[in-house]
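The sequence lines fix the lettering, A, B, ..., with proteins before strands; numbering per chain opens at 1.
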Protein chains: 2
Amino acid sequence: MKQKITIKDIAKELGVSTSTVSKALKDSYEISESTKLKIKAFADFYHFKPNSLALKLRSQKTMVIGVVIPEIVHHFFSRVISGIEQVANKRGYNVMICVSNESYDKELLNIEMLANGSVDGILISLSKETQKIKDFNHFNELTENSIPFVLFDRVENEINCDKIIIDDEGGAYKATSYLIEKGAKKIALITTPDYVTVGELRKKGYMRALQKFGLDYNPSIVMAIDQNDDDHEAIYNQIKKLIFVKNPPDAIFAVNELYAALALRIAKERGLNVPNDLEIIGFTDGIISEFSSPSLTTVAQHGATMGKHAAEMLINRIEKKISEAFQTEIISANIMFRESTK
Amino acid sequence: MKQKITIKDIAKELGVSTSTVSKALKDSYEISESTKLKIKAFADFYHFKPNSLALKLRSQKTMVIGVVIPEIVHHFFSRVISGIEQVANKRGYNVMICVSNESYDKELLNIEMLANGSVDGILISLSKETQKIKDFNHFNELTENSIPFVLFDRVENEINCDKIIIDDEGGAYKATSYLIEKGAKKIALITTPDYVTVGELRKKGYMRALQKFGLDYNPSIVMAIDQNDDDHEAIYNQIKKLIFVKNPPDAIFAVNELYAALALRIAKERGLNVPNDLEIIGFTDGIISEFSSPSLTTVAQHGATMGKHAAEMLINRIEKKISEAFQTEIISANIMFRESTK
DNA sequence: TTTCAACACGAAAACGGTTTCGCAAATGCT
DNA sequence: AGCATTTGCGAAACCGTTTTCGTGTTGAAA
């Protein structure tokens, strides 16, 4: 139960001043070899490690970056975190994770907490509620306090900062076009409410593809799911309404893999053969898509890549390696072909 | 680009001392109402927030708990983190995540980093490599510096600290017994190498069940997978050797859901009907088990619960709410029945 | 013998707060 | 009026470190 040893203890014990100790440990030219040796030996013996809080206070740098995400038990977000963690570590930073649980209040609290000198910069993906009520004042506060932050995946144009997203619109366009080219005539869309930006963008891509190929947009086969992502039962019941009808669609594009997987289950229950009677493409290339049966064709969302780039952008800002205007980086989305499409 | 306002700025501006400001903001009885009002108004106006580093340095408390986990893109561990985050938040703590990537060196680095006054306590799940080489000196260091820590899930008896695990042995026993009771005669085990404690314990449970029901332990249908968890291909090829044989087993108990899901896929490829020709039970009740087809019966690992309890234990230690001897808490494991068993 | 640079180190300020203690002025009490 | 007690505030120490700016000693050059 030894108490942690400080520089003062060493100074007192060795009859020198704290400044001498500090300098000796940093191999300063000001200190004689003999004194250095003595001090270093003593410090080593007692496993001296400078108190990191003191260092941070002094240097005004925490070497920590904060991350605010809507959920953590989520394959995509955990991949993003993994990417963030990798580059943060490489560049000497640690990562502090906060979860908003899709709640505006929690997001606000987290950001205020992190902004109070706990971190050097923040990475944020907006909560659904924030996107719904469109209140972004907490970000102004960050800007005023000149705390660098970058938004990823769920971003918002109104907020003036660095952003990184994947090509949601383009990915959806590619997926829908592919379905059309393979002969689908009645392509359903399972999406989120429009206030979720990524949902809206993917819907746009879907619509653009329809238009390009001269198909009509049919609202009756477009379903916006407003349930919480972990209430599988409720989502299941919603989607059922789309598939358990007289003339079900012959293809489905779903804006995430959960919706796609549930649609797949329901299709099988309805006796439809996937992909022959019904093709399905999801979004977010995760573990569900890989292990469902048939496995799901998806638009890959490259979570780790996004996390890495976001962290790079943020750290570059923090270290002033970039001082130009804010950038928005778009990661292109490609299709992972599996068994749920022909 | 306003600079953050400090207590000194307020003091100077209002012609009082910093101590007066500090006390006024804390509603101290020492300060007159009028002065308090004036100071608070000023502070509010400039959005004064005390610098958290200064507070931490003074109080010698960071209100942060560190978490060292082997992987983050992992359903079980992300659930654990989620549980940790919930109770940490409730009790006013923040969470700092470090990933060891199953590497001893990285684990060591992370722990040393966290031990340097960055956090008030640490939650750890051992990396595979650490369990393999059995070097636990970094934990002695924590003890010497009296930094509270608790081990969860992947623990080690040699390390003297609080621990929390699920009933791996019991869960495996229940699962295996269930398979036997339903008539299985040739139950294969897909497990990890023995140095992974949870694998070893689950194997013990499996063996105890065999013994109880008078079945022989048959090493030829026990497979220890030594591949990295994200090399699905390699694991797939391993497991294939177990199933693509003349007389395949009639049941499989797998120590995690990845092995179970891959076994399921291979069984279907081999033309076996699950559960009629082959029953499968996995471990770790995750998203793969839920969405595979047929869905997988598993032993539920209750990640969130484990995270919550671990955080409670740690914070109680930190706040000295418990001062007794170290405890090991065991969370009981129950079976989630789904379609891969009869 | 004086002068000056180099050497080796210490004092003190700084980071941004909290907290103990002391002290003057105002008030209460007799 | 004289004494004790509040009241209201400031000085200073403190948390643990870094860093600037002296300063005393030594040795060598003039």
Rounded to whole Å, please give me the gap between [atom1] in [X] and [atom2] in [N].
{"X": "A:Leu55", "N": "D:dT19", "atom1": "CG", "atom2": "C1'", "result": "13 Å"}
{"X": "A:Ile31", "N": "C:dC7", "atom1": "CD1", "atom2": "P", "result": "13 Å"}
{"X": "A:Ile7", "N": "D:dT19", "atom1": "CD1", "atom2": "C1'", "result": "12 Å"}
{"X": "A:Tyr29", "N": "C:dA8", "atom1": "OH", "atom2": "C1'", "result": "11 Å"}
{"X": "B:Leu14", "N": "D:dG10", "atom1": "CG", "atom2": "P", "result": "10 Å"}
{"X": "A:Asp9", "N": "D:dG16", "atom1": "CG", "atom2": "P", "result": "8 Å"}
{"X": "B:Arg58", "N": "D:dC14", "atom1": "CZ", "atom2": "C1'", "result": "5 Å"}
{"X": "A:Lys61", "N": "C:dG16", "atom1": "NZ", "atom2": "P", "result": "15 Å"}

### Task
Check the pair B:Lys163, B:Phe152 against side chain to side chain contact (heavy atoms under 4.5 Å, CB included), reporting the backbone distance first and the verdict last.
CA-CA 6 Å; B:Lys163 293 164 195 133; B:Phe152 65 88; over 6 Å; no

Give one of base, sugar-phosphate or nothing for [X], where a contact means two heavy atoms less than 4.0 Å apart.
{"X": "B:Gln60", "answer": "sugar-phosphate"}
{"X": "A:Lys56", "answer": "nothing"}
{"X": "A:Thr6", "answer": "sugar-phosphate"}
{"X": "A:Leu57", "answer": "base"}
{"X": "B:Ser59", "answer": "nothing"}

So, OP1 or OP2 of [N]: does either fall under 4.0 Å of a side-chain N or O from [X]?
{"X": "B:Ser32", "N": "D:dC9", "value": "yes"}
{"X": "B:Lys8", "N": "C:dC15", "value": "yes"}
{"X": "A:Thr35", "N": "C:dC9", "value": "yes"}
{"X": "B:Thr20", "N": "D:dC9", "value": "no"}
{"X": "A:Lys26", "N": "D:dT18", "value": "yes"}
{"X": "B:Ser22", "N": "C:dG17", "value": "no"}

### Message
Using the rule side chain to side chain contact (heavy atoms under 4.5 Å, CB included), only one of A:Thr6, A:Ile10, A:Asp9, A:Leu14 pairs with A:Val21; which is it?
### Response
A:Ile10

### Message
Is it the case that the side chain of B:Ser127 and the backbone of B:Pro70 share a donor-acceptor pair, with hydrogens and angles ignored and the cut-off at 3.5 Å?
### Response
no

### Task
State which of C:dA12, D:dC21, C:dG16 makes the closest approach to the side chain of A:Lys23.
D:dC21

### Query
What do you reckon, are the aromatic ring centroids of A:His302 and A:Phe76 less than 6.0 Å apart?
no

### Summary
Whichever of B:Asn51 and A:Glu30 has the more 5' nearest nucleotide on DNA chain C, that residue is A:Glu30

### Task
Could you point out which residue of A:Glu71, A:Glu129, A:Glu102, A:Glu107 forms a salt bridge (charged side-chain N to carboxylate O under 4.0 Å, His left out) with A:Arg154?
A:Glu102

### Message
Is it true that A:Asp120 and A:Thr62 share a donor-acceptor pair across their side chains at a distance under 3.5 Å?
### Response
yes

